[in-house]
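All of these numbers come straight from a predicted model, not from anything done at the bench. Order of the sequence lines fixes the chain letters, A, B, ..., with proteins taken first and strands second; residue numbering starts at 1 for each chain.
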Amino acid sequence: MLRQLTISLLLICSLISCNRTPTVETSQEVSTQDVVTEGKKEFFLLYPSSVDQKFHPYSVFLEENENKSLFIKELIESLLKEIPEEPLSNPFGEGSELRAVYLLDDRSVVLDLNSKVVQDGGVENEMFKLYGIINSINYNLPQVERFKVIIDGQERETFIGHIDTSDFIPAEKSMNSDATK
Amino acid sequence: MKLEHNKRKYIGFVVLVYFIFFTLSISSELKVTTINGKDYIDLNEIVKTYGGTSGKDEISKYPFWIINGHRVVFSTNTPTVSVDSKIVHLKLTPIERDGNLFLGNEFLKEVFPLLNIKYEKVEKEKVASNEDNNIEQKETQGDIVKTKVDISYDLIRITFEGTMVTFSEVKKSNNAIIVRLPRGKLEIKEVNLGEGIATKISTDSTLKEMTVFLDVNFKSFETVKLKNPERFVLLLKGSGQKTSILKEESKGENKQQNFPDRPFEKKRNSILVVIDPGHGGNDTGAIAKSGIMEKDLTLLYSTKLKEALEKEGIDVILTRNSDTFILLKERTSIANFNKADLFISIHFNSSPFKNVKGSESYIMSKDASDLWSKELAEKENAQPSGEGETKGEINLILWNLAQNQYLVESASVAGELQESLNQFFGTKDRGVRQAPFAVLEGAMMPAILLEVCFLSNQEESLLVKDDKFIDNVISSIKAPILRFKERNAPPVNN
Ligand SMILES: [Zn+2]
């Protein structure tokens, strides 16, 4: 009986102390996250080539950011808008955007894209877009290997009618040309 | 005796005091704010009460809350939050006002169980803050448990996905298995399963309880709990024998053409090919400049291929024979249920490179299969009960791994198809390509996704409706299937 009473009182006390907790302090995570190294570094975007329909590296200079989410955002925004020289091509249509990146742990990322990205059907279009994004991230950050893609914040059974995006998927390395090795 | 009675009274009193104190202390903190006629709670209030730290994500500028080792990221554009690796859909989009974030009431119910916070606390808060019961009713309506039914040869897999589904109760009676959810509501109401292992799935009026009616071939069942996303899998195993009883009364009205009571009876010396005309209904697939839609071409070519193969004595089932959309997993289930020997999904391609032409064959991704296999092995509570289950059954715990064991054969048939079509188109071999195609994942037989030609190529898009072109393509596809038949059909005298 005494034990039960003690437990109840302890619970009540813990609740009171919880309620009195001062408003949130700035999280440590935020203060250590935002470290930007001076200068730019060479990274590679993967674009498909009309010669072999495989991904080839295309060099860009980006700010090296220790915050992986920020870096992924910068990398993919660059992938969506760059216009590489032939025979490479940018498969993304106008208005394609990356809405958000959720880095869940060191190896898993959720990418929230807008619906313009998933406009044109056909497997080859679908693979060039989906794996252009996924393989580019994995190429520059090999430790990131699980990708979940959502569109306008919503999960979808497939990306554009064929490839399963209901679960996490890895980079499809068979699509990378020898030039990426 | 009297002492015992007093003791109980005293305990009751303490519990009551605790309850009142508890509810009042929370309700005084968790104030409900009404915005546009809807109830919201300030994230600051939640953090004050439950602890943790909040801030703004540097990249998305989305607010986050770190609590009990979990990271919750809120979107202010969509009714979505991410909790670690799980995306949770909310009923209301969070609203930012004067630097504060307001979350719809249902957030507490949806997300708290994932953060190891008991949401009963919040329920009590609701009572104390005199909210009417309607609100609670509305909230549970949004708490849907996704339910999928997959049928394979000798196995039925029912997957429940949603918060706390792994705490579901399972009971077996003489002729039924009953699954009761701890929270949320079932998405489906009734599914007809034909006959064999089970005849039908039905749900009670509260949509909390599912009953699976067992049939003569039912042998055993097992349950598997999976994480990320949280899933509860009920596997019903059959005895491996084809049922000989045809129940007239089980012939349902809503039965799909391809889900008859019994699997297709193959000719003794033949094979069964399931041809899947890609897309259909609202899903048009790729569209050529001329306006021709992939979904119409896939149906046309699949029908022609069916006729051609039947002339050669091969049994064929189409997954659709009209302009309707069928779920991708259902297409594979049709092949599994009918014990098909080969599954071919027919498509037409589209590329940003307008000069690219010819055929392409695709099979399941090795990389994706490897990742999923690794994850299945890693899942600490993926615990099939171990009594003599086959590799196929284990693979079916994750539906997307079923195709894994047929990859070599799939690659070989795809390679032959590719070679035959390359000869016709005069294109060089680009090899069989791989990706995690939703329509191939659950197939328990060699499965190929064939892209006939490119609608984005002007020359080919003008030819696709030409009779001679169609005949040539069909002959090119038919030849390797005939060779597959020679290798796989049982001998006549058997
Ligand atoms: Zn298609």
Side-chain angles (χ1 to χ4, degrees), chain A residues 1 4-5 8 11-12 15-16 18-19 21 23-27 29-30 33-34 48 50 52-53 67 69-70 73 89 91 99-102 104-105 108 110 120-125 127-128 131 145-146 150 152-155 157-158 161-164 166-175, chain B residues 7 10-11 14 18 21-22 25 29 44 47-51 53-60 62 66 73 75 77-78 80 82 84-85 87 279 283-287 294 328 347 349-353 355-356 362 365 367-368 371-372 400 430 433-439 441 449 451 455-456:
Chain A
M1 168 47 56
Q4 277 165 321
L5 183 64
S8 296
L11 275 167
I12 292 166
L15 270 164
I16 296 168
C18 193
N19 288 341
T21 308
T23 343
V24 209
E25 295 136 34
T26 322
S27 109
E29 202 163 324
V30 173
Q33 257 179 4
D34 198 13
S50 62
D52 57 3
Q53 285 129 286
N67 177 329
S69 309
L70 272 176
K73 187 170 195 281
S89 171
R99 290 158 37 96
V101 175
Y102 304 102
L104 306 172
D105 52 46
S108 315
V110 177
D120 305 312
V123 165
E124 194 149 291
N125 268 326
M127 289 180 77
F128 285 161
Y131 288 111
E145 53 180 12
R146 298 171 80 240
I150 57 175
D152 285 339
Q154 304 291 318
E155 284 172 305
E157 189 192 11
T158 63
H162 308 92
I163 300 170
D164 186 346
S166 66
D167 205 341
F168 280 86
I169 53 171
E172 189 59 54
K173 291 185 180 147
S174 63
M175 288 186 74
Chain B
K7 220 174 174 182
Y10 187 61
I11 292 168
V14 168
Y18 166 63
F21 201 94
F22 180 62
S25 63
E29 286 302 313
N44 287 326
V47 177
K48 264 192 220 169
T49 309
Y50 293 98
T53 52
S54 65
K56 266 199 172 181
D57 192 283
E58 282 306 307
I59 169 187
S60 57
Y62 288 162
I66 294 165
V73 182
S75 162
N77 307 327
T78 56
T80 315
S82 77
D84 304 327
S85 63
I87 304 295
H279 310 279
D283 175 13
T284 60
I287 302 175
E294 184 184 352
L328 299 179
H347 291 254
N349 218 333
S350 182
S351 170
F353 304 117
N355 60 326
V356 175
Y362 295 79
S365 160
D367 290 344
L371 177 86
W372 292 327
N400 40 15
R430 287 192 288 261
R433 309 178 83 183
Q434 293 184 280
F437 294 105
V439 77
E441 280 165 3
L449 189 146
E451 297 282 339
L455 296 183
S456 48

Engineer: Between B:L449 and chain A, which part of the residue has a heavy atom less than 4.5 Å away: side chain, backbone, both or neither?
Structural biologist: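 Side chain only.
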Engineer: Please rank A:E145, A:Q53, A:M127 by heavy-atom pairs under 4.5 Å with chain B and give me the top one.
Structural biologist: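 Most heavy-atom pairs within the cutoff with chain B belong to A:Q53.
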Engineer: Heavy atoms only, distances under 4.5 angstrom: which of A:V123, A:D152, A:I163, A:I150 has the most pairs with chain B? Name it, please.
Structural biologist: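 Sorted descending by pairs with chain B, the first entry is A:V123.
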Engineer: Using atom types as modelled and distance alone, determine if a side-chain donor or acceptor of A:N125 lies under 3.5 Å from a backbone N or O of A:G121.
Structural biologist: yes
Engineer: Grab the two heavy atoms, one from A:A171 and one from B:D367, that are nearest each other, plus how far apart they are.
Structural biologist: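 For A:A171 and B:D367, the tightest heavy-atom pair comes out as O-OD2, 3.5 Å.
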Engineer: Quick check on the interface: out of B:G285, B:A286, B:P436, B:A438, who has the most heavy-atom pairs with chain A under 4.5 Å?
Structural biologist: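 Highest number of pairs under 4.5 Å: B:P436.
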Engineer: Counting only non-hydrogen atoms closer than 4.5 Å, does A:T158 touch chain B with its backbone (N, CA, C, O), its side chain (CB onward), both, or neither?
Structural biologist: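 Only the side chain of A:T158 comes within 4.5 Å of chain B.
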Engineer: Would you mind telling me which of A:G161, A:S174, A:S89, A:P91 has the largest number of heavy-atom pairs within less than 4.5 Å of chain B?
Structural biologist: A:S89
Engineer: Looking only at heavy atoms and a cut-off of under 4.5 Å, which of A:G153, A:S50, A:S166 has the most pairs with chain B?
Structural biologist: A:S50
Engineer: Is a donor on one side and an acceptor on the other found under 3.5 Å between the side chain of B:S365 and the backbone of B:A435?
Structural biologist: no
Engineer: Does any non-hydrogen side-chain atom of A:V110 lie less than 4.5 Å from one of A:L104?
Structural biologist: yes
Engineer: Do you know which of B:T284, B:L328, B:L455, B:V439 has the most heavy-atom pairs with chain A at a distance under 4.5 angstrom?
Structural biologist: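 Most heavy-atom pairs under 4.5 Å with chain A: B:L328.
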Engineer: Heavy-atom distance under 4.5 Å between the side chains of A:I169 and A:D164, does that happen here?
Structural biologist: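 No - every pair of side-chain heavy atoms lies 4.5 Å or more apart.
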Engineer: Look at B:E451 together with B:R433 and state whether they make a salt bridge at an N to O cut-off of under 4.0 Å.
Structural biologist: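 Looking at B:R433 together with B:E451, the answer is no, because their closest N to O distance does not fall below 4.0 Å.
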